[in-house]
Amino acid sequence: MKTYNYSDLNTTEIAQLVQRNVDPANEIRGIVEEVLSNVNQHGDRALFDYANRFDKVELEKLYLDKAELAEIASAITDEQKAALQTAYNNIYKFHQTQLKTEDKVETMPGVTCWRELRAIEKVGLYIPGGSAVLPSTFLMLGIPARIAGCKEIVVCSPPQKNGKVNAFIAYVAYLLDIDKIYLAGGAQAIGAMAYGTETITKVDKIFGPGNQFVTKAKTIIQSTTTTAIDMPAGPSEVLVIADETAKPEFIAADLLAQAEHGIDSQAVLVATSAEIAEAALAEVEKQTAVLPRAEIVRQALANSYIVVADTLEQAMDFSNQYAPEHLILATDNWQQLTPKIINAGSVFLGNLTPESAGDYASGTNHTLPTSSYARAYSGVSVDSFVKKITFQYITPEGINNIGPTVEVLAELEGLHAHKNAVSVRMKTGN
Ligand code: HSO
Ligand code: ZN
């Protein structure tokens with residue numbers, strides 16, 4: 001990990017440091033477009049072919065039903081079941097509070113406006129199955145979808161070579177009361193959920209992380225079909241701010257938890273002194289040596305760096321420019337810093353709050369904006385699975401109150417039918 005001194009950096013250098021490659025997958029656009037068009041034209045047949053070609057499995061049918069999922073799930077231990085259940089309970093508890101009824105507002109006497117939530121009817125969840133299978137992601141997407149009340153939840157996950165999904169994914173399907181998992185992965189799964197096939201329903205919105213093919217497919221279908229997506233997703237990242245109250249062992253553990261996700265993950269440490277940075281770096285080396293995914297970690301660290309700032313305020317300033325997916329405030333003085341946070345996906349406060357807690361089980365969602373999208377996007381929540389529809393109701397008193405204003409505004413825009421739509425009611429409405 002290369003080290004920079006914050007005060008030596010000019011604005012251009014800072015801009016370069018905080019920049020992520022927002023479209024590393026552009027060179028694969030052609031391949032993804034071909035997959036999407038194949039799925040669009042040939043439906044299920046294309047999915048069988050791609051399972052054969054990419055997942056190396058000859059499927060008899062494109063999904064696993066409830067009984068098959070239960071059979072697969074029976075392989076997991078009681079301890080694993082209990083951990084998944086606790087995570088489920090905490091995530092459910094936290095997300096449930098996000099369903100709020102808003103107040104009705106009488107903007108003028110007799111003119112009442114309000115918003116009501118309605119669930120998005122059909123949603124598609126993509127659960128990756130690559131080098132690390134992530135049942136936790138299934139919980140993070142499925143729970144808010146259930147709380148929102150989505151009518152149809154389509155789940156796609158790539159088949160393993162035995163034509164099944166992993167036992168943990170199957171168990172989460174049971175927890176979420178999902179009765180089918182479609183055996184489709186990659187760009188072809190995204191195409192299937194965006195266009196619909198003989199077996200897979202076309203959905204209104206697609207959620208979930210994936211490799212660069214999945215991400216590229218999501219961005220393409222977002223602009224070419226009526227199916228929406230949760231957010232543009234890039235490689236996962238963390239930024240740790242540490243002062244002299246932080247423990248090097250903990251800082252290193254958090255940086256490595258990020259680095260083990262993938263070779264393109266980024267872990268950034270912003271320390272308030274060179275001593276803290278050096279101590280953390282020594283710990284990083286020590287801990288990396290014993291990690292099973294050390295090879296991935298080393299490559300991710302080559303793409304990561306350290307910034308030495310003079311103060312916590314300066315460190316926060318850098319973090320706001322970086323806009324991290326995960327921000328860890330490894331300091332006992334976190335309370336003075338939180339009001340200064342402007343851009344971050346999810347924040348972990350103090351020395352005993354690791355990102356791993358939020359990744360799995362504390363209750364917050366781990367589907368978060370990466371690649372500096374935290375400047376404008378929020379993480380997935382129940383909000384992501386609902387629409388907010390506005391309503392208004394006008395009484396005889398109300399039409400006389402609002403009418404003259406609308407008449408003047410319609411007149412000045414030269415839209416006489418608009419004006420008339422209130423005028424006729426003012427005459428006859430009471
Ligand atoms: N840190 C990942 C989520 C995850 N971690 C899943 C472990 N499993 C993106 O927020
Ligand atoms: Zn993680």
Side-chain angles (χ1 to χ4, degrees), residues 20 76 80 83-84 86-88 90-91 94-95 125-144 157-158 165-169 171-172 175-176 207-212 214-215 218 229-240 250-269 284 287-288 291-294 296-297 299-301 303-304 322-328 330 343-348 353-374 377-381 384:
R20 273 82 100 206
I76 80 172
Q80 291 165 336
L84 284 166
T86 302
Y88 175 93
N90 290 352
I91 299 163
F94 181 69
H95 284 73
L125 312 185
Y126 182 75
I127 312 301
S131 83
V133 180
L134 308 178
S136 54
T137 299
F138 196 2
L139 288 173
M140 294 294 176
L141 300 176
I143 291 172
S157 195
V165 292
N166 139 311
F168 307 111
I169 301 274
Y171 190 71
V172 173
L175 289 176
L176 292 168
F207 295 79
N211 61 20
Q212 46 179 353
V214 170
T215 301
K218 281 171 71 184
I229 65 165
D230 48 357
M231 68 183 88
S236 193
E237 61 204 28
V238 71
L239 187 145
V240 180
F250 299 178
I251 302 173
D254 289 343
L255 295 171
L256 294 173
Q258 187 55 54
E260 78 172 346
H261 267 295
I263 57 169
D264 50 4
S265 294
Q266 195 168 56
V268 176
L269 169 62
V284 164
Q287 292 181 26
T288 303
L291 286 175
R293 288 166 73 91
I296 293 175
V297 166
Q299 292 185 63
L301 289 180
N303 172 41
S304 300
Y322 185 90
E325 178 191 14
H326 307 96
L327 170 61
I328 300 179
N343 302 315
S346 194
V347 184
F348 302 82
T353 316
E355 184 199 313
S356 298
D359 277 355
Y360 290 111
S362 57
T364 60
N365 208 287
H366 80 202
T367 313
L368 297 164
T370 57
S371 316
S372 84
Y373 280 109
Y377 280 81
S378 313
V380 164
S381 70
S384 319

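Remember, it's 1-based here, ligands and their atoms both numbered in the order they're listed. Every value quoted in this text rests on a predicted model; they were computed, and no experiment measured them.
Summary of contacts: the protein heavy atom closest to atom 10 (O) of ligand 1 is His366 O, 2.8 Å. The nearest heavy-atom contact from the protein to atom 8 (N) of ligand 1 is Ser136 OG, 3.5 Å. Distance from atom 7 (C) of ligand 1 to its nearest protein heavy atom, with residue and atom name: Tyr360 OH, 3.4 Å.
Among the atoms of His261, an N, O or S atom falls under 2.8 Å of the Zn ion (ligand 2). Among the backbone and side-chain atoms of Asp359, an N/O/S atom is found under 2.8 Å from the Zn ion (ligand 2).
Not one N or O of Gln258 is nearer than 3.5 Å to an N or O of ligand 1, by distance alone. The shortest N/O to N/O separation between Thr137 and ligand 1 does not fall below 3.5 Å.
For the residue pair Thr137/His366, the side-chain donor-acceptor check at 3.5 Å is satisfied.
Near Glu325, meaning under 4.0 Å from any of its heavy atoms, are these atoms of ligand 1: 9 (C), 10 (O). Less than 4.0 angstrom separates some heavy atom of His261 from each of these atoms of ligand 1: 1 (N), 2 (C), 4 (C), 5 (N), 7 (C).
In terms of the side chain to side chain donor-acceptor pair (under 3.5 Å) criterion, Asp254 has no residue partners (sequence neighbours excluded).
For Glu355, the heavy-atom gap to ligand 1 drops under 4.0 angstrom.
Leu176 has its side chain within reach of Tyr88: a pair of non-hydrogen atoms, C-beta onward, lies under 4.5 Å apart.
Judged by a 6.0 Å distance limit and a 45° cone about the ring axis, Arg20 is not positioned over the six-membered ring of Tyr373.
In this structure, Ser372 contributes its side chain and Ala323 its backbone to no donor-acceptor pair below 3.5 Å. Looking at Asn90, its side chain does come within 3.5 Å of a backbone N or O of Ala361 through a donor-acceptor pair.
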_Worked check of side-chain contact (heavy atoms from CB on, under 4.5 Å) between His261 and Ile296_ = CA-CA 8 Å; His261 267 295; Ile296 293 175; over 6 Å; no

